[in-house]
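Shown next, in structure tokens, is the structure this report addresses.
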Protein chains: 2
Amino acid sequence: MTNHSNGRKQEDAIPSLVQSQRQIDRYGLDVDAQAVLVAARLMEAGAKLGHAAEIHFARFGLSTGRYRLLADLEDNGGEVLPSQLAEHLGVTRATVTGLIDILERDGLVSRRASAKDGRQKSVILTELGASKLREMAPEHFARLEAMVGLLNTEERSVFLDLLGRVTQGISALTDE
Amino acid sequence: MTNHSNGRKQEDAIPSLVQSQRQIDRYGLDVDAQAVLVAARLMEAGAKLGHAAEIHFARFGLSTGRYRLLADLEDNGGEVLPSQLAEHLGVTRATVTGLIDILERDGLVSRRASAKDGRQKSVILTELGASKLREMAPEHFARLEAMVGLLNTEERSVFLDLLGRVTQGISALTDE
DNA sequence: GAAAAATAATTAGGAACCTAATTATATAGG
DNA sequence: CCTATATAATTAGGTTCCTAATTATTTTTC
């Protein structure tokens, strides 16, 4: 058994309800096993999706972060400050600096010093960057759509609602 | 504006439906914007949860991976092979080797050469490792429960079902 | 029973993101 | 005005996980 692709055997990594219940019972805690299971499954799904996304974007010579930066640039008229990019993407400025470095090296964006404020250097989407987005759009969006193809419109709405509420709850892990 | 904690401003990073629709319209593609939005939101949520989990486990001197390894060890009688751990956790053997290195350095697990097969070295949960799990269980599970506290039991069931189907669909990103 | 193939764990090196410290410029307070 | 503070971007160094190559041992095959 070669464990091809990523050492994951499809089903093995999925945590089960009995597994969660057993963990809770071991310490005699008063916790809902289903709640714990939701947390575990979402974590699993997030990690799996993150990994799959990297593979997907690598096909176009990009990473998830670099694609999202390009897309945000396109969404905002082709010129955005690094600090704004960091905010839009939900990553740190240090990370944005690194993303820009590679995108600039590859000719997909360029940096331009601001006239108004000497501290700022705005990031510009080059023609090459724009054509990269254009070129990958059909396949990219088709795959995203296929990904949620097992849910109908109604179910997607419900999923978005529930996911939003769980996302709000994530702060329970970091609070205090 | 200091952008404390992680440079994320609560709402800013959440992708919206109009944003997805605009991206699709730009290239005149026949794709459902809601489907794209589900993909984007799940990615966002996964990344956010992953980061929050690291902060959570860091409180106990662990990382997400190291905690999961300890928990799996406890779930399986305190002795498991590295290759099995890799399979259970859905990570590579190389990663497991690294996790064990640190856990062993901290005294939470130990390695023992197999008698039957000279290639194998099983991993053992030490008493210190077991007490670490015991000690963190109440707070750990309480926080997980709080995280999904905005969903009632019925909604959690629905969420698990829908998440499971989306998770199946993730392969659409990597197929072909 | 020795050569070839498979398997277990590890090592080496890379990618993505992080926090904290640094550099350069702009703004405010006395 | 000029020192003190705030802000923009970057650099330095760390964490987590990955793929590919390596080492050691077992199993298969002829």
Side-chain angles (χ1 to χ4, degrees), chain A residues 1-8 13 43-44 46-48 50-55 57-58 61-69 80-87 89-105 111-123 174, chain B residues 1-8 13 43-44 46-55 57-58 61-69 80-87 89-104 111-123 174:
Chain A
M1 193 247 294
T2 325
N3 263 357
H4 32 296
S5 88
N6 62 357
R8 195 174 294 139
M43 211 130 128
E44 200 72 34
K48 193 176 169 190
H51 187 231
E54 292 300 343
I55 292 170
F57 290 116
L62 294 174
S63 68
T64 303
R66 296 201 297 278
Y67 169 78
R68 296 218 301 138
L69 195 154
V80 181
L81 297 174
S83 47
Q84 296 177 312
L85 288 166
E87 207 173 285
L89 305 185
V91 300
T92 64
R93 293 181 185 190
T95 297
V96 166
T97 295
L99 296 175
I100 297 169
D101 284 345
I102 297 179
L103 289 169
E104 187 173 42
R105 183 203 66 193
R111 276 185 247 239
R112 177 161 63 199
S114 164
K116 298 178 285 201
D117 189 327
R119 292 167 301 183
Q120 298 180 340
K121 293 181 197 168
S122 62
V123 182
T174 53
Chain B
M1 191 248 295
T2 324
N3 261 357
H4 33 295
S5 89
N6 62 358
R8 197 175 291 141
M43 211 131 127
E44 199 72 33
K48 191 177 170 191
L49 177 54
H51 187 230
E54 291 301 344
I55 291 171
F57 288 117
L62 294 174
S63 68
T64 302
R66 297 201 297 278
Y67 169 79
R68 297 217 301 140
L69 194 154
V80 181
L81 296 174
S83 48
Q84 295 176 311
L85 287 167
E87 206 173 287
L89 304 186
V91 299
T92 63
R93 292 181 185 191
T95 296
V96 166
T97 297
L99 296 175
I100 296 169
D101 284 346
I102 297 179
L103 288 169
E104 186 173 43
R111 276 186 246 241
R112 176 161 64 199
S114 163
K116 301 179 283 205
D117 188 330
R119 293 168 300 182
Q120 298 179 338
K121 293 181 199 170
S122 61
V123 181
T174 52

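What you see is a predicted model, and the numbers here were worked out from it, not measured in a lab. Each chain gets a letter, A, B and so on, in the order the sequences are listed, and its residues count up from 1.
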### Query
In whole angstroms, how far is the P atom of C/dT19 from the CD atom of B/E54?
12 Å
### Query
To the nearest angstrom, how far is B/F57 atom CZ from D/dC17 atom C1'?
16 Å
### Message
Rounded to whole Å, how long is the line connecting atom CG of A/L85 with atom P of D/dT10?
### Response
11 Å
### Query
Nearest nucleotide by nearest heavy atom, which residue falls closer to the 5' end of DNA chain D, A/D117 or A/D101?
A/D117
### Message
Classify B/T95 by what it touches in the nucleic acid, base, sugar-phosphate, or nothing, heavy-atom distance under 4.0 Å.
### Response
base
### Query
Phosphate oxygens OP1/OP2 of C/dC17: is one of them under 4.0 Å from a side-chain N or O of A/R93?
no
### Query
OP1 or OP2 of D/dT16 less than 4.0 angstrom from a side-chain nitrogen or oxygen of B/R66, does that happen here?
yes
### Query
Of the nucleotides D/dA9, C/dA8, D/dA12, which has the atom closest to the B/S83 side chain?
C/dA8
### Task
Write down the distance between CD1 (A/I55) and P (C/dG14), rounded to a whole number of angstrom.
20 Å
### Integer-rounded Å distance: D/dT15 C1' and B/I102 CD1
8 Å
### Nucleotide C/dC18, atom C1' - distance to CG of A/L99 in whole Å
12 Å
### Query
In whole angstroms, how far is the P atom of C/dC17 from the CG atom of A/L62?
12 Å
#### Entry: Residue A/A94, side-chain atoms from C-beta onward, closest of C/dT11, D/dC18, D/dT11
D/dT11
### Summary
Taking C/dA9, C/dC18, D/dC18 as options, the one with an atom nearest any side-chain atom of A/T92 is C/dC18
### Task
Please report the shortest heavy-atom distance between A/L89 and B/E44, naming the atom on each side.
O-OE2, 4.2 Å
### Query
Counting side-chain heavy atoms from C-beta on, which of D/dA24, C/dA16, D/dT16 comes nearest to A/S63?
C/dA16
